[in-house]
Amino acid sequence: MARTVWDSSVGKKTVMAVSGLVMLAYLVVHMLGNLKIFFGSDEFNGYAHWLRTLGEPFLHHEWALWIVRVVLVVAVVAHAVSAYQLSRRDIRARPSKYVHKRARASYATRTMRWGGIILGLFIVWHILDLTTGTVHADGFQAGHPYQNVVDTFSTWYGNVIYIVAMLALGLHVQHGFWSAAQTLGVGSRARDRALKTVANVLALVLTLGFVSVPVAVMTGVVS
Ligand code: HEM
């Protein structure tokens with residue numbers, strides 16, 4: 001049964017929609033959490049500490065964080081694998097006249113494909129930068145994310161990488177949210193306008209919220 005669903009295009013699109021919405025929910029919470037940086041280092045670092053003690057004493061230290069990490073890894077992998085397989089299927093299904101002359105994918109398809117690749121690379125960079133500190137600019141300090149974030153946005157490449165990724169994120173969410181709604185059958189002639197507005201607002205709020213952090217560091221509002 002699960003195999004039949006996964007093998008169908010609708011099944012893969014459903015996996016994309018559901019995993020996309022899981023990541024979107026995480027991103028809204030992550031963006032709101034990041035805004036705590038405007039209340040100073042104690043509040044931001046305290047919040048990061050609280051994330052590690054969440055659910056205690058019922059859960060062991062950091063277990064809630066690890067549960068979120070596992071759910072996100074499953075969502076990212078499911079999203080990427082189904083996107084890859086759907087695009088392969090798309091190429092195979094083309095009529096033979098395209099064999100010699102490659103048909104150009106639509107603007108939306110190309111934006112989603114490249115946006116997805118940029119975001120995948122960004123997530124790897126972001127974890128190496130602010131979670132493990134492997135590629136971090138300046139003496140990474142575990143447990144002091146406020147200083148780490150300020151250090152990241154004190155380099156020109158840190159600002160470029162994050163701002164480019166946030167713009168890609170906005171475009172990806174704008175189109176992705178809309179596609180997910182269509183796949184899950186929420187769309188209808190009456191609702192489509194409202195769904196488009198929700199997609200636009202979500203994309204804009206997420207991008208502006210995330211971008212406000214590097215901008216605040218660059219302008220000295222956060223230092
Ligand atoms: C300006 C934008 C962003 C800033 C300042 C930022 C900041 C941070 C910080 C400080 C952490 C580490 C938190 C901690 O250790 O307690 C973190 C973790 C994380 N961020 Fe971001 N983030 C941004 C954008 C994003 C975006 C756009 C994504 C996804 C596309 C993302 C995904 C993640 C993930 C998955 C983790 C968890 C890594 C882990 O601990 O396992 N972040 N972020």
Side-chain angles (χ1 to χ4, degrees), residues 19-54 61-80 83 112 114-138 140-155 157-174 176-177 202-219 221-223:
S19 54
L21 291 175
V22 167
M23 292 188 282
L24 182 60
Y26 170 79
L27 284 174
V28 171
V29 175
H30 188 27
M31 185 275 286
L32 292 173
N34 282 354
L35 297 181
K36 282 186 160 284
I37 204 152
F38 290 100
F39 298 106
S41 75
D42 285 351
E43 186 140 344
F44 193 67
N45 292 344
Y47 167 63
H49 178 72
W50 172 80
L51 287 176
R52 282 148 179 87
T53 57
L54 192 65
H61 186 66
E62 286 200 354
W63 274 19
L65 188 63
W66 277 103
I67 293 169
V68 173
R69 285 173 174 165
V70 170
V71 170
L72 282 177
V73 169
V74 171
V76 169
V77 171
H79 203 74
M112 291 311 274
W114 283 106
I117 292 169
I118 291 173
L119 289 170
L121 293 172
F122 166 75
I123 292 169
V124 174
W125 176 268
H126 182 43
I127 289 174
L128 293 176
D129 178 25
L130 289 174
T131 300
T132 64
T134 321
V135 297
H136 192 67
D138 203 22
F140 179 82
Q141 301 175 59
H144 294 87
Y146 183 93
Q147 194 54 46
N148 295 334
V149 169
V150 170
D151 291 343
T152 286
F153 298 127
S154 302
T155 65
Y157 59 88
N159 289 311
V160 171
I161 293 172
Y162 278 77
I163 292 173
V164 168
M166 294 320 106
L167 296 177
L169 177 73
L171 289 174
H172 207 78
V173 166
Q174 186 190 27
F177 181 82
L202 255 175
L204 196 68
V205 168
L206 266 182
T207 306
L208 291 179
F210 275 127
V211 169
S212 70
V213 178
V215 169
V217 176
M218 279 190 275
T219 52
V221 173
V222 167
S223 61

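All values reported here derive from a predicted model rather than from experimental measurement. For ligands, and for the atoms within them, numbers begin at 1 and follow the listed sequence.
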Closer than 3.5 angstrom, by distance alone: can the side chain of [X] be matched with the main-chain N or O of [Y] as a donor-acceptor pair?
| X | Y | answer |
| --- | --- | --- |
| Tyr146 | Ser223 | yes |
| Asn148 | Gln141 | yes |
| Asn159 | Phe153 | yes |
| Thr155 | Thr152 | yes |

With atoms numbered from 1 as shown, which atoms in ligand 1 lie under 4.0 angstrom from a non-hydrogen atom of [X]?
| X | value |
| --- | --- |
| Met166 | 27 (C) |
| Pro214 | 1 (C) |
| Ala48 | 16 (O) |

ring-ring contact (aromatic ring centres under 6.0 Å, His included) assessment of Phe122 paired with Tyr162: CA-CA 8 Å; Phe122 166 75; Tyr162 278 77; 5.1 Å; yes
Is ligand 1 less than 4.0 angstrom away from at least one heavy atom of [X]?
| X | answer |
| --- | --- |
| Arg52 | yes |
| Tyr26 | yes |
| Met31 | no |

Ligand 1 versus Leu27: contacting region, heavy-atom distance under 4.0 Å: side chain
Less than 4.5 Å apart, side chain to side chain, heavy atoms only: is that true for [X] and [Y]?
| X | Y | answer |
| --- | --- | --- |
| Thr131 | Arg69 | yes |
| Ser154 | Val217 | yes |
| His49 | Asn45 | no |

Distance-only donor-acceptor hits, side chain of residues 164-171, under 3.5 Å, sequence neighbours excluded:
none

Considering heavy atoms of the protein only, find what lies nearest to [atom] and give residue, atom and distance to 0.1 Å.
| atom | value |
| --- | --- |
| atom 38 (C) of ligand 1 | Thr131 OG1, 3.3 Å |
| atom 10 (C) of ligand 1 | Val149 CG2, 3.7 Å |
| atom 24 (C) of ligand 1 | Phe210 CE2, 3.4 Å |
| atom 41 (O) of ligand 1 | Arg69 NE, 2.6 Å |

Over 12 foreign heavy atoms within 6.0 Å of CZ, Phe38: yes
Other residues, nucleotides, ligands: >12 heavy atoms within 6.0 Å of His30 NE2: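 Buried by this count: over 12 neighbours within 6.0 Å.
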Geometric class of the His136/Phe140 ring pair [parallel <30°, tilted 30-60°, perpendicular >60°]: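 Ring orientation, 0 to 90° scale: perpendicular.
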Number of protein N/O/S atoms that sit closer than 2.8 Å to atom 21 (Fe) of ligand 1: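 Under the 2.8 Å cut-off, the count stands at 2.
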From the candidates Trp50, Tyr47, Phe122, the one that places a heavy atom nearest atom 26 (C) of ligand 1: Phe122
Heavy atom of protein inside 4.0 Å of atom 29 (C) of ligand 1, strictly below: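 Given the 4.0 Å cut-off, atom 29 (C) of ligand 1 counts as touching protein heavy atoms.
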